Amino acid sequence: MIKISNVTKTYGDKKALDNLSLEIKEGSVFGLLGVNGAGKTTLLSILNALVEMDSGEVEIFGHSLSKEKTKIKSLSSIIPQHLAFYENLSVKENLDFFAKIQKASQEDYDKAVTVNALNGLMKQKASTLSGGQKRRLNIAIGLLNNPKVIYFDEPTVGIDPKSRKEILDSIKNYKNLGITVVYTSHYMNEIEKICDEVAIISEGKLIEQNSLENLLLSKDNKLVSVEVVYCDALKELDVKFLDETNIEVSKEQLCELLAILEEKNVVIKKVHYGSTNLEKHFLKRTGAVDV
Amino acid sequence: MFSAMIKKELLLVLRDKHALMALFVLPAVFILIMSVAMRDQFSSKNIEFTLFVKDSDKTQMSQEIIKLIANDNKLVQIKEKSAAQFFLVIPKRYEKNSKKLLKINVQKSLKENEIEVFKSLLSEHILKARLHYMSQNVEEYSSKASRTLANLEISTDKLYKVKYKNSKKLPNATQQSVPAWIVFGMFFIIIPMSTIYINERKQNTLMRLNSMNVSVFAMTFTKSIPYFIINQVQVWIMIGVGVFLVPLFDTPALAINGSVLAILEIATGLSLAAIGISTLIAVSASSSEQATTIGGILNLLLGAVGGVMVPKFIMPESMQTIAEYSPMAWGLDGFLDIFLSGANTQDVFIDFIKLFVFGLVCLGISMIILQIRIKKGL
């Protein structure tokens, strides 16, 4: 359990975090939503003992942040938005370097390489990797110390849909490994796909914290998303796509859509009531125009 | 952990071709160019001085001196006193009284090294004339005594009275160029150091290292070691250029008169100073462009003031005083003392201490700045 109690952080006159309290369950994938400047990165920096809070208390798996910084750093890992590795070193040299810094075991090293599908890229210079491969290396470095909690700070910015899917799938796997994931992103559909619980923060304050299910099943939701297996027939459909494999319709149009999909032999994976509501819900709660 | 960080830094520097050019090729090329270019300026081969001679003695010996001067194509006697660079007076009773000194008036525009060369040329003629006179006079008593006297060494200090500003030996072109560009080249580490530092900061790699419990001291210390090694390699490569490569261009080779330990001592101090100032700029600058610009300008200024571009001994006194505040001058003085005067570790200890303290102070301030930056989220 990560327990954040009344945390305040001020930069000059600006309150980055204002008496913020949150609880993150162990083993969950926790989404942190907020517009730019809402305080997400500041919160992640505090949780990683990189920035000191002005007041408040943070307890991570029973360890007090103010008293046991070194211990907390060894239990956690942050995946920064920027690619925090050395472009002039090979994938192996980067992994070896960060592994030695953290005294990582061979088992953890191999796991980080395998989970992020880097086996065939070990000799390649990091600067020559594709955007998605670089992201995976960035994540692999964060896994080397076998952390109990990983903080992802917008890890899918600027990458192609295929790489994004691979990264999101690997994050889902961390849950199976018993790792707690705290995930910040601007992409609502990513949060919807991987998170169990979501907190919305605005101007350093907690606006709402709830399970994803509860947030999406709000009474005013009139939309449904249908997840399908990708095929060429989808290109012929005149419907609203949320991404390559998710279609959004109103409740009233659902039967009609299902009939069309059956006719075109499209395999339906999941029908999710209210699944498109997170973005609208977020905008409503934060009063933001753009996320 | 330390070994991994040192290895990482070394790999990064060694893969930066531009940095390697700046650290190794550029100073070596400068040494070659400057040694060859200044070869004639620092030698007496093509020197020509104008002088006016006033013979108040009018004796056999004074006439002999004038005759020898006239036969020397480097010393041109002119009739206009005010136009001459040197005004030589042979005083009355010079021949009779061996304790009498020649008087030389020197034009203000002449540099100390020019006076040194003139003194050397003149000494030769005075010695010849005096020995010639002595041998002629003693011959009548004993031919054996004549031979003994002819082999006597006479100190040049007893020949004439010229006041010199200092007694330091003057370097030749190679002796000046090699240490000067070693010192300058060592400070070039600012380029790779700041580039790597700032990239690490901007890409959050330093933040990541901090999240992995790597302290500011560990970051700074492990970054210093590879550059220290690089600096030591630079020193010996440049010395090698001076000893083996420069002579191939018909220029005097670098002669190392002092101890190797003294060279190591000064190289250590210089490296610490270079690492200190480079780290300070790297942690203070907000971009690598800013760091390389500030570092480049600072290097040039320290080099210009410190006697790298223009030898200190030909600077006016006021500039020589300012040069005392440049760490490059401390290092350069140390190297010159070793190469020219055969200085040992004790002789260059003061220069070493100045460089050592300067480097430590810069590193201390750098660590404080880096700590503050990390606390503020870089």
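A note on names: the letters A, B, ... follow the listed sequences, proteins ahead of strands, and every chain is numbered from 1. Note that this is a predicted model, so its numbers are computed, not measured.
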OH of A/Tyr86 to CD of B/Glu9, rounded to nearest 0.5 Å, is 7.0 Å

Notebook entry, point to check: Do A/Ile79 and B/Arg208 come within less than 4.5 Å of each other through their side chains, counting heavy atoms only?
Noted result: yes

Q.
Are B/Thr205 and A/His82 packed together at the side-chain level, in the sense that at least one heavy-atom pair is separated by less than 4.5 angstrom?
A. no

Are A/Leu89 and B/Leu12 side-chain neighbours, meaning at least one heavy-atom pair lies under 4.5 Å? yes

Between A/Ser74 and B/Asn213, the two heavy atoms sitting closest are N-ND2, 3.9 Å

Worksheet item: Considering only heavy atoms from C-beta outward, does the side chain of A/Glu87 approach that of B/Gln203 to under 4.5 Å?
Response: yes

Under 4.5 Å to a heavy atom of chain A? For B/Ile196 that would be neither

Whatever's closer than 4.5 Å to a heavy atom in chain B on A/Asn138 counts as both

Exactly one of A/Ile72, A/Asn145, A/Leu50 clears side chain to side chain contact (heavy atoms under 4.5 Å, CB included) with B/Ser211, and that residue is A/Leu50

Bottom line for A/Thr70: the part with an atom under 4.5 Å from chain B's heavy atoms is both

Shortest non-hydrogen pair, B/Ala4 vs A/Lys100, comes out as CB-CB, 3.7 Å

In short, A/Ile101 meets B/Met5 closest at the heavy-atom pair CD1-CG, 3.3 Å

